Amino acid sequence: MTETVRTRFAPSPTGFPHVGNIRTALFAWLFARHHKGSFVVRIEDTDVARTVTGAVEAILEGLRWLNLDWDEGPETEGKYGPYFQSQRLALYKEAAERLVAQGNAYYCYCSPERLEAMRAEQARRKQPPGYDRMCRRLTADECARKNSEGLTPVVRFKTPLEGKTAYHDVIWGDVSFENNTIDDFVLLKSDGYPTYHLANVVDDHAMEITHVIRAEEWISSTPRHLMLYRALGYAPPQFAHLPMILGPDRVKLSKRHGAVSLIEYRDQGYLPEAMFNFLTLLGWSLDDKTEIMTREQIIQNFSLERISKTAAVFNLEKLNWMNGSYIRSLSADEFMRRAMPFLEKGLPPEIKRPLDSDYVHRMMPLAQERARTLVEVPGLVDFFFVSELQYEPVLLIDKKMTREASLQALEAAHQKLSALPSFENDSLEGVLRPLAEELGLKAGQLFGTLRVAVTGRTVAPPLFQTMVVIGRGLCMERIGIAIEKLRRLAG
RNA sequence: GGCGCAUUCGUCUAGCGGUUUAGGACGCCGCCCUCUCAAGGCGGAGAUCACCGGUUCGAAUCCGGUAUGCGCUACCA
């Protein structure tokens with residue numbers, strides 16, 4: 001390949017980006033980076049009615065979160081700008097008029113009502129829907145008269161009535177369509193905005209895009225685009241259609257699948273590098289075993305040839321696993337830095353802020369080993385902060401133990417621990433294990449009772465480490481409270 | 001209805017005519033480690049490669065048909 005690769009991500013701001021959209025961006029970005037080419041972001045805001053405020057910001061935010069930097073696009077200079085189609089209207093108008101002048105397109109004055117009635121009739125007769133080409137034969141005079149009546153036309157493309165249009169898709173191979181199955185589609189709408197088809201072709205050419213990497217649902221539109229390239233006298237780029245991403249119900253991922261907005265994953269405590277890695281594996285693979293890869297490794301090995309053709313179901317369970325794996329691979333400091341906002345936000349409001357950074361620092365490794373997402377962190381460590389533990393006293397009585405035995409165990413532990421010269425992992429173990437034996441208990445029974453006394457729960461990080469972090473003072477206090485609870489518990 | 005594409009364990013996938021009794025991962029189950037959990041280690045169940053024909057000495061891999069699914073079929077992208 002001698003020319004410099006230029007790919008683009010061309011979202012329409014009609015909604016917040018979901019993982020499917022962003023996977024498309026990711027692959028286009030990867031291909032550009034692999035070939036040391038350029039990645040362009042172009043906002044296709046040609047549907048005024050469906051434009052959602054804040055969508056552009058959300059799209060850019062999503063790209064930034066995954067660290068998919070663009071060489072040209074919004075907020076970035078570039079010699080092919082502007083990068084909002086709403087600011088390039090003259091270009092499309094010019095192209096449309098040129099096509100009309102060349103005899104490749106024509107003005108259509110059909111009202112929405114007529115088109116709707118036409119489609120209803122076609123449906124009734126079980127005929128394929130499509131524009132009936134009524135205005136195709138309008139003369140210049142007739143057009144002028146309609147114009148003088150105040151009608152604003154759309155511009156439609158004169159699709160060849162016969163023959164076929166074929167192309168070679170980088171991913172799907174040879175694809176071909178009969179021209180007579182394609183109707184005279186609209187190029188320019190009556191509001192002066194272009195349709196996707198026109199704007200896309202004009203811009204991909206103007207911006208010298210070499211590889212159009214987009215979702216599979218565009219395959220059937222590609223012949224239209226090819227016809228336009230030809231009519232406009234442009235050399236078409238390479239097309240690579242990506243397999244779709246499906247929801248659990250095997251239908252194309254969309255808003256109704258719940259938490260599919262990319263930014264929601266960030267807010268749920270997923271790491272961008274985990275999401276990056278995971279999304280990469282949806283439709284692409286390096287080999288038969290490698291799954292966890294660095295971004296550099298992926299860039300270096302990425303290729304369109306290894307993209308599969310089958311749609312992929314988004315598997316949240318696997319993302320969770322991968323995210324946990326990435327969390328555990330973080331350095332302790334980095335984990336703390338990332339988890340802190342979630343901790344500040346997720347801990348009960350009555351806990352005073354700011355949190356004691358030193359205290360947090362000591363408990364974080366305990367959470368890092370267990371969290372699959374950052375949002376789980378507060379729930380993993382909240383007992384370190386809570387001033388009064390809430391739990392059922394019966395939990396203090398471990399399996400195969402009586403209330404008396406538990407009470408005795410707690411009292412003995414309280415005494416031993418307060419006499420301990422140092423409150424460290426080894427010293428705790430050194431006194432607690434023998435104590436279990438003295439009491440005729442299994443270590444697990446004693447530790448279980450102590451765990452509930454100290455953390456208020458039966459499942460928590462290892463007891464000694466937890467106690468060391470909590471500190472002797474609080475531990476003694478909590479064990480004291482546990483003893484009280486047991487005493488009050490009717491025997 | 002028309003057109004297009006796809007079809008390997010529940011899910012993500014490897015496989016591009018013989019090396020496959022189809023490999024890996026998630027999830028699931030069991031064991032080990034172990035104070036609970038998590039992590040980690042080991043092992044297991046799980047796919048007659050949608051189906052039916054054909055080509056070939058030999059097919060998950062090539063060809064045809066059927067079924068199913070999905071996409072497109074807007075003055076939406």
Side-chain angles (χ1 to χ4, degrees), chain A residues 10-15 44-47 49-50 108 110-112 115-116 119 122-123 125-131 152-156 169 172-173 175-178 180-183 185-191 193-197 199-200 215-223 241 243-244 246 248 250-252 278 281-292 306 308-322 324-325 328 366-372 380 398 429 432-433 436 442-452 455 457-464:
Chain A
S12 70
T14 52
E44 310 221 322
D45 51 351
T46 56
D47 187 343
R50 289 204 314 152
C108 168
C110 292
S111 67
L115 294 175
E116 201 178 317
R119 271 192 287 271
Q122 285 165 340
R125 291 199 196 161
K126 293 200 191 298
Q127 286 177 332
Y131 181 56
T152 23
V154 301
V155 175
R156 284 185 186 272
D169 195 289
W172 304 74
V175 183
S176 114
F177 292 82
E178 294 289 340
N180 63 20
T181 62
I182 303 168
D183 74 346
F185 55 98
V186 173
L187 298 175
L188 208 60
K189 302 182 250 184
S190 56
D191 64 0
Y193 279 76
T195 59
Y196 173 87
H197 305 300
N200 200 256
E216 179 190 336
E217 66 220 57
W218 292 106
I219 288 181
S220 344
S221 307
T222 306
H241 289 95
M244 286 181 305
L246 274 24
R250 303 209 124 263
V251 172
K252 181 168 93 166
F278 180 75
L281 258 16
L282 243 38
W284 178 84
S285 61
L286 172 60
D287 55 28
D288 59 343
K289 47 186 68 99
T290 315
E291 303 226 84
I292 304 266
R306 289 197 63 84
S308 81
K309 285 194 268 287
T310 58
V313 172
F314 187 84
N315 186 185
L316 188 64
E317 284 296 335
K318 188 153 182 173
L319 205 214
N320 286 337
W321 162 77
M322 189 171 281
S325 169
R328 274 170 261 120
L366 268 21
Q368 183 173 7
E369 186 70 17
R370 290 163 179 76
R372 294 203 301 175
L380 252 17
D398 205 87
E429 181 152 21
L432 258 17
R433 278 194 192 280
K442 285 186 177 171
Q445 292 178 305
L446 203 218
F447 297 172
T449 295
L450 278 171
R451 171 172 294 109
V452 173
T455 69
R457 48 172 87 172
T458 54
V459 171
L463 183 63
F464 309 138

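All chains are named by letter (A, B, ...) in the order of the sequence lines, taking the proteins before the strands, and each is independently numbered beginning at 1. Please read these numbers as outputs of a predicted model, since none were measured by experiment.
In this structure, CE of Met322(A) is placed 14 Å from P of rC12(B), rounded to the nearest angstrom. One can place NZ of Lys309(A) at 11 Å from P of rA14(B), the figure rounded to the nearest angstrom. Put simply, CG on Asn180(A) is 10 Å from P on rG4(B), counting in whole angstrom units. The nearest whole Å value for the distance from the CG atom in Leu319(A) to the P atom in rA25(B) is 18 Å. Atom-to-atom, CZ of Phe278(A) to C1' of rC12(B) comes out at 7 Å; the value is rounded to the nearest Å.
Annotation: of the two residues near RNA chain B, Glu317(A) and Trp172(A), the 5′-most nearest-nucleotide partner is Trp172(A).
Not a single donor-acceptor pair under 3.5 Å links the side chain of Glu429(A) to the backbone N or O of Phe464(A).
Between Arg370(A) and Pro462(A), the shortest heavy-atom distance links the atoms NH2-CD, 3.0 Å.
Across rG24(B) and rG15(B), the matching P atoms stand 15 Å from one another, rounded to whole Å. The same atom, C1', is picked in rA59(B) and in rC52(B); the two are 15 Å apart, to the nearest Å. For the P atoms, the distance linking rU61(B) with rU55(B) amounts to 15 Å, nearest Å. Separating the P atom of rG30(B) from that of rA45(B) is a span of 15 Å, rounded to the nearest Å.
Base-pair partner of rC16(B): not found among the strands shown (Watson-Crick or G-U wobble, both distances under 3.5 Å).
The OG1 atom of Thr46(A) sits 10.0 Å away from atom OH of Tyr196(A), with the distance rounded to the nearest 0.5 Å.
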With sugar-phosphate taken as primed atoms, P, OP1 and OP2 and all else as base, the protein-contact string of nucleotides 68-77 of chain B at under 4.0 Å (heavy atoms; B, S, -) is --SBSSSBBB
With the sugar-phosphate defined as primed atoms, P, OP1 and OP2, and the base as all remaining atoms, what B/S/- string results for nucleotides 29-47 of chain B, 5' to 3', for protein heavy atoms under 4.0 Å?
-> ------BBBBSS-------
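In this structure, Arg156(A) forms a cation-pi arrangement with Tyr131(A), its terminal cationic atom sitting closer than 6.0 Å to the ring centre and no more than 45° off the ring axis.
Using a 4.0 Å heavy-atom distance criterion, Leu282(A) is classed as a sugar-phosphate-only contact.
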Polar atom pairs between nucleotides 21-24 of chain B and protein, under 3.5 Å, N or O only, would you list them?
{"unit_1": "rG23(B)", "atom_1": "N2", "unit_2": "Asp288(A)", "atom_2": "O", "d": "3.2"}

